[in-house]
Amino acid sequence: MRPLSRVAKVAAFASAMLMIASCSGQTAENKPDNGNTQATGEIQEGGDVTVALRTPTWIFPISAPGKTQGENGIFINMLYKGFYEYKLDADNQFNLDDRSLAEEPKVSEDGLTYELTMKPSKWSDGQEVTTRDVEFWWNILNANKEEWSGYRKGNFPDNVAEFKIIDDHTVSFTTTEAFNPGWFVDNQLASVRPLPQHVWGKTSESGEIGDFDRDTEGAQAIFAMLTEASKDLQSYATNPLWKVVNGPFQLESFVPNGEVKLVANKNYTGSDKPKLDSVTLRPFTSDDSQFNVLRSGGIDFGYIPAGSINQRTTIESQGYTVEPWAGWSITYMPFNFANPKSGPIFKQKYIRQAMQMLIDQESISKTVWADTATPTCGPVPQKPGTAGSMEGCAYKFDPEGAKKLLESHGWRINAGDVSVCEKPGTGDDQCGEGVDKGAELRFKLISQSGFPATTRMMTEINSRFSEVGIKLDIQEVPDSVAVSQKCKPGEACDWDLSFFGSQSSWYYPVYASGDRLFQTDAPVNLGSYSNPEADKLIEATLRAKDTSALEAYNDYLAEDLPVLWMPNPVAQISAWKKDLVGVGPQDPMLNLYPQDWAHTK
């Protein structure tokens, strides 16, 4: 995030393909050489690859708030296999990847019950994966749902009226009402992941294994134990809890903020059995440090920073295949509507409009990101043929228009300084409700360090903003998501804007609904945006059988500006050694599958 009829499938799938086309300018029938055909030697069993990737910070497959970064998802999926994995161009009803742990769901005629059957598989210690492991996951998730990063009240698991064990390999979920099957399978059932009950079914690390998950208190104790263990990064490679996995790899060594080594799971029973012996995840302090190692040939899979794209030919001549990794994604910068000082200012739509009109997405995409980014117009990606331009966007780059908006609403413009509210009040020519006389257009922006292109982009935006007296105090941090979490009543709340889109801000599941991003109290609604009409439109996308609801939702939010729409960079310009096959085509949902990779002789 798939609908049952061919028409409905096309409706949901079309939005997926529109996104891919807008990001890459390519169709499924017109793909570039992705490296799979470059190496002509014999496939070699074994060997190691080194991948440039930030060190993961979470291993427990039920993710916690602030732990949803891409490296954590990649890491967990290599160890713990969920029921379903997805391909946007898969030739089946729900865009399921053949490597999925379960067969395609059977949906009842009334659209309420989904029957899921697992393929035979085993844990790395030889124990069979059964529906008891699925029940264990279900019980833990239900008892601790408010601690799960993916939880939003009313969505999974609240929208399940009954979870049922049918036999050792089959379970069913009966929903509280009929949903769009594509949304439910692709966005909700994507959470289903068996957990090793025979290893984790205890309330303390030294406790006995039992059926403690079958009552709420026991399930909460198990969750607390696993959560605490996941916080202890130093013990990841040694803690027996993490030794038993059902994924293609096992963890051999883990250095917090350093290298992580995973080795092939010799007892893995999936169809995508690894050919490599091991994969090493290697972090770098900056784009430049990574690029220096890449140029020296010291890494198997890395990337060319946007600012160094002119060196692409050099990297290719050194034995690398180079390919932009276009993501099914959007990039944005949340306003913090919950900030008691700046929130009332951001709630004035004309303020949001003026700020959006000061962001020259086209120029930034071309000059700062070296044509490796495209404008974001709204929550659903642009249609083919408009990528790279602002065609169809609700707001064009218009500094003069932005200035007029502020002046007409009672602000004294202090170009090069900070503009202030001169006319407080709720009239058409006044600053708006909750905005005091003398209020300043000065905001604290949390941004990402380690990305020179991001730094240059923020400098450019700040310069444009200053022309109308909007001042951004930019604080760069390694993890802007963690620093700018959703503000809660009574807690410190000192950020105004947050940017975490140096490699795009949000990668969608297969169905591009906004229930996790922009609904009131949504789990990743970091800026606390709330609009009843937006909520209504998002709810409609979860039940609609065609694209009309998704289009209405997109059009409304594109214009209402829950966030500032920003240039959407590719995830990275990937570079991998030419003797490494199986890497491409790269997954638009930003998953890595090293089990598909192999060296050639």
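Keep in mind that this is a model prediction, so the values were computed, not measured.
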Any idea how Trp200 and Phe60 line up, ring-wise: parallel (<30°), tilted (30 to 60°), or perpendicular (>60°)? perpendicular

Practice prompt. Could you give me the CA-CA distance, side-chain angles and deciding distance for Arg282 and Glu259, then say whether salt bridge (Lys or Arg N to Asp or Glu O under 4.0 Å) is met?
Written response: CA-CA 5 Å; Arg282 184 175 177 184; Glu259 288 192 358; 3.7 Å; yes

Across all chains, not counting sequence neighbours, the ring pair (Phe, Tyr, Trp, His ring centres under 6.0 Å) partners of Phe212 are none

Separation between CE (Met566) and CZ (Phe499), nearest 0.5 Å, reads 5.0 Å

| query | Within a reach of under 6.0 Å around CG of Asp98, are more than 12 heavy atoms found that belong to other residues, nucleotides or ligands? | reply | no

Using a 4.5 Å cut-off on heavy atoms from C-beta on, say whether the side chain of His599 contacts that of Leu580. yes

More than 12 heavy atoms of other groups within 6.0 Å of Lys145 NZ = yes

Exactly one candidate in Arg132, Gln220, Gln197 meets side chain to side chain donor-acceptor pair (under 3.5 Å) with Asp213; the answer is Arg132

With a 4.0 Å cut-off, would you call Asp158 and Lys153 a salt bridge?
no

Of Tyr114, Phe173, Phe94, the one forming a ring-ring contact (aromatic ring centres under 6.0 Å, His included) with Phe184 is Tyr114

Examine Arg99 relative to Tyr593 and say whether NZ or CZ is less than 6.0 Å from the centre of the six-membered ring and inside a 45° cone about the ring axis.
yes

Donor-acceptor contact below 3.5 Å, side chain Lys243 vs main chain Ala237
yes

Distance alone, cut at 3.5 Å: any donor-acceptor contact between the side chains of Thr454 and Ser502? yes

Query raised in the report: Heavy-atom distance under 4.5 Å between the side chains of Thr68 and Val524, does that happen here?
Result: no

Across all chains, not counting sequence neighbours, the salt bridge (charged side-chain N to carboxylate O under 4.0 Å, His left out) partners of Lys231 are Glu228

With sequence neighbours left out, the residues meeting side chain to side chain contact (heavy atoms under 4.5 Å, CB included) with Arg152 are Asn155, Gln519, Ala522, Pro523, Glu539

Applying side chain to side chain contact (heavy atoms under 4.5 Å, CB included) to Ser505 and not counting sequence neighbours gives Thr331, Tyr332, Phe500

Worksheet item: Can you find a heavy atom in the side chain of Tyr236 that is under 4.5 Å from one in the side chain of Phe75?
Response: yes

**OP:** Just do the side chain to side chain contact (heavy atoms under 4.5 Å, CB included) check on Val245 and Tyr268 with the steps written out, would you?
**Re:** CA-CA 9 Å; Val245 299; Tyr268 179 59; over 6 Å; no

Margin query: Using 30° and 60° as the class boundaries, would you call the ring planes of Trp137 and Phe156 parallel, tilted or perpendicular?
Written below: parallel

State whether a side-chain donor-acceptor pair under 3.5 Å links Thr170 with Thr117. yes

Contact check, side chains of Leu116 and Glu103, non-hydrogen atoms, under 4.5 Å: no

Taken to the nearest 0.5 Å, the spacing of Ser253 OG from Leu262 CG works out to 8.0 Å

Indicate the ring-plane relationship of Phe337 and Tyr529, choosing parallel, tilted or perpendicular according to the 30° and 60° boundaries. tilted

Asn267 (side chain) donor-acceptor with Ser124 (main chain) under 3.5 angstrom | yes

Next on the checklist: Tell me whether Lys341 at atom NZ has more than 12 heavy atoms from other residues, nucleotides or ligands lying less than 6.0 Å away.
Outcome noted: no

Ion pair Glu71/Arg54, N-O distance below 4.0 Å: no

Taken to the nearest 0.5 Å, the spacing of Thr113 OG1 from Lys164 NZ works out to 9.0 Å

For this session: Report yes if the side chains of Trp242 and Asn239 come closer than 4.5 Å at any heavy-atom pair, otherwise no.
Result: yes

Flag, side chain of Asn246 to backbone of Trp123, donor-acceptor distance under 3.5 Å = no

I'd like to check Trp148 versus Ser191 (side-chain heavy atoms, cut-off strictly below 4.5 Å). Are they in contact? yes

- Task: Could you verify whether a donor N or O on one side chain and an acceptor N or O on the other, from Asp186 and Tyr84, lie under 3.5 Å apart?
- Result: no

Contacts of Gln503 meeting side chain to side chain contact (heavy atoms under 4.5 Å, CB included) (sequence neighbours excluded), chain-then-number -> Phe451, Gln572

Output for pair (Glu85 CD, Leu101 CG), nearest 0.5 Å, gives 9.0 Å

- Verify the distance criterion only: is there a donor paired with an acceptor across the side chains of Asn159 and Glu177 at less than 3.5 Å? no

Should Glu45 and Lys275 count as an ion pair when the cut-off is N to O under 4.0 Å?
-> no

**Asked** Is the closest side-chain heavy-atom distance between Asn265 and Pro274 below 4.5 Å?
**Response** no

For a 4.5 angstrom cut-off between non-hydrogen side-chain atoms, does Lys486 reach Glu491? no

Got a sec: does the CG of Asp232 have more than 12 other heavy atoms crowding it under 6.0 Å?
yes

Check this for me: Asp521, atom CG, are more than 12 non-hydrogen atoms of other residues, nucleotides or ligands nearer than 6.0 Å? no

Does Lys273 have more than 12 heavy atoms from other residues, nucleotides or ligands lying within 6.0 Å of its NZ? yes

Looking only at the side chains, is there a donor atom on one of Asp168 and Thr130 sitting less than 3.5 Å from an acceptor on the other? no

Sequence neighbours excluded, the answer for side chain to side chain contact (heavy atoms under 4.5 Å, CB included) partners of Glu217 is Asp215

Closest non-hydrogen atoms of Phe223 and Ile140, given as atom of the first, atom of the second and distance, are CD1-CG2, 3.7 Å

Side chain Asn339, main chain Trp495, donor-acceptor under 3.5 Å: yes

All heavy atoms of Asp110 vs all of Ser108, minimum pair found to be OD1-OG, 2.5 Å

Discussion item. If we ignore hydrogens and angles and just use 3.5 Å, is the side chain of Asn72 paired with the main-chain N or O of Thr57 as donor and acceptor?
Written reply: yes

